[in-house]
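Input: a single structure, listed below in structure tokens.
Read the numbers this way: they start at 1 and go in the same order the structure lists the ligands and their atoms.
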Amino acid sequence: MAGAGISTPSGIPDFRSPGSGLYDNLQQYDLPYAEAIFEIDYFHHNPRPFFALAKELYPGNYQPNLTHYFVRLLQDKGQLLRMYTQNIDGLERLAGIPPERLVEAHGTFATATCTVCRRTYEGQDLRLDVMNGTVPKCPTCKGVVKPDIVFFGEELPHNFFKYIRDFPLADLLIIMGTSLEVEPFASLAGAVRSSVPRLLINRDSVGPFTWGTLRPTDVTQLGDVVSGVGALAQEIGWTQELEALMAQVNRRQKNKNNSSAS
Ligand code: CNA
């Protein structure tokens, strides 16, 4: 289970870290209150603040870091049952975690839907408008096209409910970079069998790790998530493979950038 804290090392602010978090830095969008940026009623009234944020978060501006590649390595070794993420930055996909192994519980910029006629679009179809600061409109009905990000008051994607089958099958739950404050996602932490170890890698203790409902098999690694995941990789002898994987993906990325520039 992951949240915004795994992407702060890539340069994307989280919501709730005092000072650097998004909620403390929304003055430029002139919102009535911070959460309005993700409220569907406010979006219908004024979609511009959301699209200003979308321009910033749109896939392409940021790169995955060691935490994303660690999950990719779990997948390469056949040990990833599923990654449940609250993030909407697409860095899991960029790190090469296959979409079928991912539950993007709060949605994705990879696809979009017209708010009026419900026609669906690829995220790429909106890129030009988003980057130009234009609110994307449906070519057919002229309704506003909204990236498939889950707003407050909207239903979670269907595949979120895979958790009903997945969580009882897990034999280890790793929780990284989340305040575990947003439901129903947060409650997934309690959905593994009671004998299953839960490892929290986060700057601060959160959710059931603080309420005094700790299980004997729970483990907490407090501090920076990259250091915590790095320490875990070292402990299990994966450091070299992880570095090789990151170097390989970076090389591919560079070659791709060079060939698209020439
Ligand atoms: P949050 O509530 O902002 O909590 C983030 C947690 O991560 C906090 O406990 C921080 O202390 C911790 N943290 C931040 N940086 C680090 C770090 N470098 N090392 C270790 N711990 C760190 O974010 P949640 O994901 O829990 O909240 C859910 C919201 C945030 C979801 O709806 C997301 O869509 C939304 N969000 C996503 C992104 C993104 O996609 N990158 C960015 C901002 C917000």
Side-chain angles (χ1 to χ4, degrees), residues 1-26 29 31 34-40 43 49-50 52-71 83-95 97 102-110 123 146-157 160 173-189 199-211 219-233:
M1 292 171 65
I6 71 163
S7 293
T8 59
S10 295
I12 305 176
D14 63 10
F15 273 1
R16 295 178 181 80
S17 286
S20 63
L22 190 70
Y23 281 155
D24 278 356
N25 291 283
L26 288 172
Y29 301 126
L31 292 157
E35 287 85 352
I37 199 158
F38 289 120
E39 279 180 5
I40 196 67
F43 179 84
F50 169 75
L53 180 70
K55 182 177 176 181
E56 179 63 20
L57 279 183
Y58 225 65
N61 287 348
Y62 297 97
Q63 294 305 317
N65 62 62
L66 182 130
T67 59
H68 303 92
Y69 287 112
F70 178 77
V71 183
M83 178 180 197
Y84 284 74
T85 182
Q86 296 164 95
N87 292 346
I88 53 176
D89 53 38
L91 295 188
E92 298 88 358
R93 289 180 190 228
L94 262 186
I97 301 164
L102 265 179
V103 170
E104 293 162 312
H106 294 166
T108 171
F109 283 107
K146 175 182 155 296
D148 290 337
I149 301 299
V150 180
F151 279 32
F152 296 120
E154 287 191 310
E155 278 178 25
L156 267 55
F160 175 76
L173 175 63
I174 305 177
I175 304 171
M176 314 189 278
T178 171
S179 61
L180 287 184
E181 281 193 19
V182 179
E183 293 291 357
F185 190 93
S187 289
L188 295 183
L199 167 60
L200 173 72
I201 306 177
N202 204 47
R203 191 166 281 151
D204 38 10
S205 188
V206 293
F209 293 82
T210 44
W211 306 326
V219 178
T220 307
Q221 168 85 23
L222 293 187
D224 178 63
V225 72
V226 168
S227 317
V229 171
L232 173 60

Of all the atoms in ligand 1, which lie at a distance below 4.0 Å from a heavy atom belonging to [X]?
| X | answer |
| --- | --- |
| Thr8 | 14 (C), 15 (N), 16 (C), 17 (C), 18 (N) |
| Ile12 | 41 (N) |
| Gly223 | 19 (N), 20 (C) |
| Ala4 | 23 (O), 24 (P), 25 (O), 36 (N), 37 (C), 38 (C), 42 (C), 43 (C), 44 (C) |
| Asp14 | 3 (O), 5 (C), 10 (C), 14 (C), 43 (C) |
| Val225 | 17 (C), 19 (N), 20 (C) |
| Thr178 | 6 (C), 7 (O), 9 (O), 24 (P), 26 (O) |
| Pro13 | 42 (C), 43 (C) |

task: Using distance alone, determine whether Ile88 and ligand 1 share an N or O pair under 3.5 Å.
output: yes

query: Relative to atom 8 (C) of ligand 1, which among Asp204, Val150, Asp224 owns the nearest non-hydrogen atom?
result: Asp204

message: Measuring from atom 7 (O) of ligand 1, which candidate in Ser7, Gly3, Gly207, Gly177 has the nearest non-hydrogen atom?
response: Gly177

In the protein, what heavy atom is nearest to [atom], and what distance, to one decimal place, separates them?
| atom | result |
| --- | --- |
| atom 32 (O) of ligand 1 | His106 ND1, 2.7 Å |
| atom 12 (C) of ligand 1 | Asn202 OD1, 3.3 Å |
| atom 27 (O) of ligand 1 | Arg16 NH1, 3.4 Å |
| atom 13 (N) of ligand 1 | Gly5 CA, 3.6 Å |
| atom 33 (C) of ligand 1 | Gln86 O, 3.1 Å |
| atom 41 (N) of ligand 1 | Asp89 OD2, 2.6 Å |
| atom 17 (C) of ligand 1 | Arg203 NH2, 3.3 Å |

- line: With sequence neighbours left out, the residues meeting side-chain contact (heavy atoms from CB on, under 4.5 Å) with Thr8 are Asp14

message: Restricting to side-chain hydrogen bond (donor to acceptor under 3.5 Å, both in side chains), what partner residues turn up for Tyr69, sequence neighbours left out?
response: none

- prompt: In terms of the angle between their ring planes, are Phe185 and Phe160 parallel, tilted or perpendicular, with boundaries placed at 30° and 60°?
  reply: tilted

Any side-chain heavy atom of [X] within less than 4.5 Å of one from [Y]?
| X | Y | result |
| --- | --- | --- |
| Arg93 | Leu102 | yes |
| Leu57 | Phe109 | yes |
| Leu232 | Gln221 | no |

query: Taking Glu92 as the fixed residue, which of Val71, Asn87, Val103, Thr108 is the one that meets the side chain to side chain contact (heavy atoms under 4.5 Å, CB included) rule?
result: Asn87

- prompt: Out of Leu200, Ile174, Ile175, Thr85, which residue meets the side chain to side chain contact (heavy atoms under 4.5 Å, CB included) rule with Met1?
  reply: Ile175

Judged by atom type as modelled, is there a donor-acceptor pair below 3.5 Å linking the side chain of [X] to the main-chain atoms of [Y]?
| X | Y | value |
| --- | --- | --- |
| Asn61 | Lys55 | yes |
| Glu35 | Glu39 | no |
| Asn202 | Met176 | no |

message: Tell me whether ligand 1 is touched by Glu181 - counting only heavy atoms on the residue side and a distance under 4.0 Å.
response: no

- prompt: Considering residues, nucleotides and ligands other than Glu155, do more than 12 of their heavy atoms fall under 6.0 Å from its CD?
  reply: no

